[in-house]
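Ligands are counted one by one from 1 in listed order, and the atoms in each one are counted from 1 as well. If you read the sequence from its start, that first residue is 1, and numbering goes on from there. As the structure is a computational prediction, the values presented were derived from the model and not from experiment.
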Amino acid sequence: MDNPRIDEAALARLLDGWCTDARESLHRQLAAALTALISSGELPPGTLLPSERALASTLAVSRGTLVTAYTTLRSLGLLDSRQGSGTRVRGVSQPRLPGSATRLNPLSGTADRSIADLSSAALPGQDWVAEVVGSVSPDDLRRWVRGHGYHPAGLPALRAAIARHCTEDGLVSAPDQVLVTSGSQQALQLIATAMLAPGDEVLVEDPTNWGALDAFRDRGARLRTIPLRDDGVDADVLVRLLRSRRPRLLYLAPTVHNPVGVNLRPALAKVIAGAVAETGTALIEDLSSVDTLFTGPPPPSMATLAPDAAVLSIGSLSKLFWGGLRVGWIRSTVDFVKQLVTYRSSADMGSSVPSQLAALRLLEYVPRARRTRASQLRAGYEWTAELLSTHLPDWEWVEPDGGASLWVRLPEGNALAVAEAARRGGVLITPGSVFSATDGQLDRVRVSFAAGPDTVLEGVQRLAGVWRTRRRLR
Ligand SMILES: Cc1ncc(COP(=O)(O)O)c(C=O)c1O
């Protein structure tokens, strides 16, 4: 069978919207957009691409921009160019698993203790959490065991406790505005299932939480990105896209953004809340990392800034207490919660009752647990920052408001290659592209300190060794 070919007009159509970031170089944006088309299968292996000259003229960019973008993709092993036979997408056609199953799971980590794992930012629970979970007694459970155990909206007492918890954080809530989920990841999956049809457009920041990208991609959504710079999301681009594209959903992580670790600045939050209300866009605000703040109290949620807008606020007990509880929630309007409950029933019929009873107890310890988390995380950040400054002085990172990782800009090199060299050198870090809907962010890596100070020390020393070797080889 002949290999497919795509002409410059068709490729330009597929690339629609590739150039939205005025501060990013054209060749990088183009390389990122082409990478996204290759990894999504829209440009299958073997496809013959248009010549650099023809595509440059159709996209109205210089030939140099095309040459640099194609060269980047060749160096990443995504394209193959042969004298006389043009440039083709590389690779052998193979069965593709649908949806997220083909993507890297940054939680997979390693069981090999000789490897310093700085890739996962998931925090271990604290010892006392085991005591509180273990204090749920047979008597507590008995009354529930006598019933069928399926509570798709969550146990009434837990919905009330989560509503109080939201209210204490400034988002006044009633119990029937709360749907208990199995972690905030299920909250994202449920909303995506309920709201998205294939082809619907979702606006996401670039970079953003990989779990959200998976949830939206699994529904066949078209992801459109808003650049997130070191000083915050580009609110001008965001508002323009809200008005011009009228996307089905906007996903933001305004408090302790994953992976960058920063809060959305209050002035930008107000502008965005105004545009969300004006355009009637449904907004998911992911607040699941709020408990990792170590620079101050939680800022006002977007739902309070845009009280009349369709806002779905997502929360979780994973970061404060333990991910293994699998307790999170969606807080929205009573009507929307009711609709979501029907989807929830067909997903898993409801969360585990013992976990919900444990969550109910744990919620009594929020202030104390937040204080402990904040001081642990601040110490972890300071330790990691000091080690990086000492051992990798030309690596720069964004000063975070919270979280258990640093979003690092590499002074040179490609994040995928650096992460691979690091793995061979005995340390795992996450390449920035994992957090990018366009497989961009290739000058960034996420370095986590969730594994504790000794692992961070070992990991950063190994990273420095890997970096020295790469420098020598250049
Ligand atoms: C921003 C964000 N959202 C959601 C999740 C999912 O967490 P969980 O399902 O345990 O609440 C994570 C996990 O790391 C996250 O960082």
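For Lys319, the heavy-atom gap to ligand 1 drops under 4.0 angstrom. The shortest separation from a heavy atom of Ser288 to ligand 1 is under 4.0 Å, placing the residue in contact. Residue contacts with ligand 1 leave out His257, since none of its heavy atoms falls under 4.0 Å from the ligand.
Evaluation of the side chain to side chain donor-acceptor pair (under 3.5 Å) rule for Asp169 yields Arg370 as partners, not counting sequence neighbours. Annotation: ring-ring contact (aromatic ring centres under 6.0 Å, His included) contacts of His391 (sequence neighbours excluded): none.
Here the straight-line distance linking atom OH of Tyr381 with atom CH2 of Trp397 works out to 6.0 Å at 0.5 Å rounding.
Inclusion of Ser182 in the set of residues having an N or O under 3.5 Å from an N or O of ligand 1 is not warranted. The shortest N or O to N or O distance between Gln186 and ligand 1 is not below 3.5 Å.
Taking every heavy atom of Ser318 and a limit of under 4.0 angstrom, the matching atoms of ligand 1 come to 8 (P), 10 (O), 11 (O). Taking a cut-off of under 4.0 Å to the non-hydrogen atoms of Gly183, the atoms of ligand 1 that pass are 9 (O), 11 (O).
Side-chain contact of Glu285 with Ser313: a donor-acceptor pair under 3.5 Å is present, judged by distance alone.
Here the two rings, on His151 and Trp144, have centers that are under 6.0 Å apart.
Tested against Arg240, the residues Leu238, Leu242, Val237 include a single side chain to side chain contact (heavy atoms under 4.5 Å, CB included) partner, Val237.
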